[in-house]
> 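One structure follows; several queries about it will come next.
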Protein chains: 2
Amino acid sequence: MARVPTSKDVARIAGVSQSTVSYVMSGKRPISARTRRLVEDAMQQLTYQPHAGARALASQRTNVIGLVVPFRSEVNAHGLMAFVEEIALSARAHDHDILMVTADEGTAGLQRLAGRSLCDALVMMEISTHDVRVPVVRALGVPALLIGLPGDTTGLHCVDFDFETGATLLVDEVADLGHERACVLAWPAGFAGGDMNYVPRFRGAAEATARRRGVELSWREVPRGRENVDHVLEEVLGGGGTPPGLVCTSQLSGIVSGLQRRGLRTGADVDLLALTTDAEAEAEEVPVSGVSTQPRDVSRRAMRTLFQLLDGVPPQGAVELVPAELTRRSSSRRPPQDAAAG
Amino acid sequence: MARVPTSKDVARIAGVSQSTVSYVMSGKRPISARTRRLVEDAMQQLTYQPHAGARALASQRTNVIGLVVPFRSEVNAHGLMAFVEEIALSARAHDHDILMVTADEGTAGLQRLAGRSLCDALVMMEISTHDVRVPVVRALGVPALLIGLPGDTTGLHCVDFDFETGATLLVDEVADLGHERACVLAWPAGFAGGDMNYVPRFRGAAEATARRRGVELSWREVPRGRENVDHVLEEVLGGGGTPPGLVCTSQLSGIVSGLQRRGLRTGADVDLLALTTDAEAEAEEVPVSGVSTQPRDVSRRAMRTLFQLLDGVPPQGAVELVPAELTRRSSSRRPPQDAAAG
DNA sequence: CTGTTAGCGCGTTCAC
DNA sequence: GTGAACGCGCTAACAG
């Protein structure tokens, strides 16, 4: 464990002054080719790396992004991992690192990260309508980016998936398939604390579209557990007659199993669409059609605007929605040409 | 965005010197009750928090642990999240934070974290037998803790699950159930890079136990995908007669579905045991018996010894294995009393 | 028990 | 185009 080389060592070996080394690194001043080579060679030779603490102290910038991770989230683990990985990758692409705090630290985590100057900016996910952390970040005055929409977005920067358009696409597809009835197998009542506003956003758009298309829409919350799934499916499908077009927003695999138990093949006996990630949709034995919530896209956009903020680019909008797209796989029939075109 | 208060401000308001403030915080010197109150009141009043960079510069300690996360891992996402969350929680319990780097940064990430003094120690997961990162951490001389065992553990500290005992428990259970044949539905050939030594460790112990118990053991690698699962199950179960006791080490849900497709009920028509996490085992419709790899336990032990290292406690052993336990759920019958006792 | 002082390693004015 | 000098906020010897 030999002593770590400092910029002073580099300067000595290169035969220049310490500040010259600094300018070679930052590029904030023109440096002659010869001097630059001398310095860079010295750095290589020593495998020099700047001390993060010293740099943070002098420059007031840590090159670290604080990320609040909701481990106890009810959304699927794969989706969460996708968010986090993509955020980490984006950060590295901008020469930043990620300091991770768990969401269950609540506001204390935020105050620590900001107050101790552990990071330059914050990223938070799973924002609820009345999220207690929101007023805190606002007051903190730290650059922040929220993934999800709080009720009041004033003074904030948010990125979220466009659930409204997602709902529209899904219900439109059900209508295009000729169904007179649609059923949304929806998030259970207390899902993720019961205060996620994408639920009413999705529902509002779904109902509006159903009205527009003359489709009868029923909204069924599906509690966890096999019995509950079976019970809801019995209510929805037990009456006989043509089953309604199904739109599933959570617990996809549980519902797919439930349909299997009833002897229904998705894409043949019943049309199933889902709001979920591509990965989850494709993991089912019969790949599921529907709208992807695109966690990676959302993360990328979030980080893009976050770095614009850090670079002093004037923010163009407080709220950014990632557009929804419908992907047809095998769990639903293909609509007739004319309907699809309409 | 007013100026952040410093310890100098605290000192001025408390009417003491800056170093006294420092000693109140660190407790490295006895402080009179009166002075302590003065200082703490001033801190409260200013909502003072020490500057992490400045502290790191002066103390040579960052209070940050670097964590290398293998996002692209083939092990299940839930298990990975459990590891990471538990590590984050343990870190906070010791007043440390987690700096996260992705495993695909390779050795570059390690050198950056260590070279720039971004953290005091490293935690790495998914260590393979000839992991290229291992010689690097060794050379770096940074306190490190590996979750998993490299081929050569000299000079390192490792924590892993006790796969040998796990295998023994599983095969013993199959024997206790009266089976003359056992079949391990094993990791596919190139799993996680094909160099994870828990595979041969598990296999060796499984085969030794089978020999000891007079059970005929077959080892079948199960490649991904429904067709592959079905194909292997056909080979294993197609011959008619009593099916062998099944031990599954990966792709549990795919295999459970495959058994379902063959009309076999686990726990009745066939005994199924698994090596997996409790969460995954209990997520199946018929909860699966077997041995849990205990990601949270492994993480906790890892962090415990890591902090002992950081606190200068002499390390008691280079390799620590988390003991295996068998949990009986519904996917396998209960062995007769006398056998279980044996 | 407390205050004084000298760094920690780097960024950034100034002079040259 | 370059170097000397100061400050960032905190810790830890050294005095008293």
Side-chain angles (χ1 to χ4, degrees), chain A residues 1-40 42-43 46-64 95 112 114-120, chain B residues 1-40 42-43 46-64 95 112 114-120:
Chain A
M1 278 219 240
R3 193 178 59 79
V4 179
T6 74
S7 70
K8 197 184 286 178
D9 299 320
V10 175
R12 188 166 36 71
I13 293 197
V16 300
S17 90
Q18 202 176 357
S19 65
T20 301
V21 175
S22 175
Y23 285 119
V24 167
M25 295 175 60
S26 70
K28 291 190 178 178
R29 216 153 85 164
I31 298 284
S32 73
R34 191 182 113 75
T35 307
R36 153 162 283 121
R37 257 197 63 82
L38 251 39
V39 171
E40 282 171 348
M43 286 177 165
L46 295 174
T47 64
Y48 164 79
Q49 297 195 245
H51 187 291
R55 171 170 282 186
L57 185 54
S59 68
Q60 310 280 37
R61 282 178 114 279
T62 61
N63 270 38
V64 168
D95 193 34
R112 185 161 44 83
R116 309 181 88 135
S117 299
L118 276 162
C119 62
D120 300 330
Chain B
M1 277 216 241
R3 194 177 58 78
V4 179
T6 74
S7 73
K8 197 184 286 179
D9 298 322
V10 175
R12 189 168 33 73
I13 293 196
V16 301
S17 89
Q18 202 175 355
S19 67
T20 301
V21 176
S22 175
Y23 285 118
V24 168
M25 296 175 61
S26 70
K28 292 188 178 177
R29 210 151 90 166
I31 298 285
S32 73
R34 189 183 114 77
T35 306
R36 154 162 283 121
R37 256 196 63 84
L38 252 37
V39 171
E40 282 170 348
M43 286 178 165
L46 295 173
T47 64
Y48 163 79
Q49 296 197 244
H51 187 289
R55 172 172 282 186
L57 184 56
S59 68
Q60 312 279 42
R61 282 180 113 280
T62 61
N63 270 38
V64 168
D95 193 32
R112 185 160 43 82
R116 308 182 86 133
S117 300
L118 276 161
C119 63
D120 300 331

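Just the heavy atoms: all of them, side chains too, but no hydrogens, waters or symmetry mates, feed the values below. Below, chain A is the first sequence line, B the second, and so on; all start at residue 1.
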> Nearest-Å distance, CZ (B:Arg12) to P (C:dG3)?
15 Å
> Starting at CG of A:Leu57 and ending at P of D:dC10, how long is that distance when rounded to a whole Å?
9 Å
> Is the shortest heavy-atom distance from the side chain of B:Ile31 to the side chain of B:Tyr23 under 4.5 Å?
yes
> Considering only nitrogen or oxygen atoms on both sides, find all protein atoms under 3.5 Å from nucleotides 11-14 of chain D and state each distance.
residue : atom : partner : partner atom : Å
D:dT11  : OP1  : B:Arg55 : NE           : 2.8
D:dT11  : OP1  : B:Arg55 : NH2          : 3.2
D:dT11  : OP2  : B:Ser22 : OG           : 3.0
D:dA12  : OP1  : B:Lys28 : NZ           : 3.4
D:dA12  : OP2  : B:Lys28 : NZ           : 3.3
D:dA12  : N7   : B:Tyr23 : OH           : 3.2
D:dA13  : N7   : B:Tyr23 : OH           : 3.4
D:dA13  : N6   : B:Tyr23 : OH           : 3.3
D:dC14  : N4   : B:Arg29 : NH1          : 3.1

> Rounded to the nearest 0.5 Å, what separation is found between the NE2 atom of B:His51 and the CG atom of B:Leu57?
10.0 Å
> Taking the minimum atom-to-atom distance to the side chain of B:Ser17, which one of D:dT2, C:dT2, C:dG3 wins?
C:dG3
> What is the distance, to the nearest angstrom, from the CG atom on A:Asp9 to the C1' atom on C:dC10?
13 Å
> When you check the phosphate oxygens OP1 and OP2 of C:dT2, does a side-chain N or O of B:Ser32 lie under 4.0 Å from one of them?
yes
> Measure from CG on B:Leu46 to P on D:dC10 and round the result to the nearest Å.
11 Å
> For B:Arg37, does the CZ atom sit with more than 12 other heavy atoms under 6.0 Å from it, leaving out its own atoms?
no
> In this structure, how many angstroms lie between the P atom of C:dC8 and the NE2 atom of A:His51, rounded?
11 Å
> Expressed in angstrom and rounded to an integer, what is the separation of A:Leu38 atom CG from D:dG1 atom P?
16 Å
> Kindly indicate whether the side chain of B:Thr62, heavy atoms from C-beta on, has any atom under 4.5 Å from the side chain of B:Leu118.
no
> Specify the closest pair of heavy atoms between B:Thr47 and B:Pro5, including all atoms of both residues, with the distance to one decimal.
O-CG, 4.3 Å
> Rounded to the nearest 0.5 Å, what separates atom OG in A:Ser117 from atom CZ in B:Arg55?
12.0 Å
> With side-chain contact (heavy atoms from CB on, under 4.5 Å) as the test, would you mind laying out the steps for B:Val39 and B:Met25 before giving the verdict?
CA-CA 9 Å; B:Val39 171; B:Met25 296 175 61; over 6 Å; no
> Using whole Å, what does the distance between atom C1' of nucleotide C:dG11 and atom CG of A:Asn63 come to?
14 Å
> Would you mind telling me which residue lines up with the more 5' stretch of DNA chain C, B:Val16 or A:Gly53, judged by nearest nucleotide?
B:Val16
> With axes from five pairs an end, tell me the bend angle of the helix from C:dC1-D:dG16 to C:dC16-D:dG1, nearest 10°.
40°
> Begin with the C-alpha distance, continue with both residues' side-chain angles, and end with the deciding distance and a verdict on side-chain contact (heavy atoms from CB on, under 4.5 Å) for B:Thr6 and B:Gln18.
CA-CA 10 Å; B:Thr6 74; B:Gln18 202 175 355; 5.8 Å; no
> To the closest 0.5 Å, what do you measure between CZ (A:Arg112) and CG (B:Asp95)?
7.5 Å
> Between C:dG9 atom C1' and A:Gln60 atom CD, what is the distance in whole Å?
15 Å
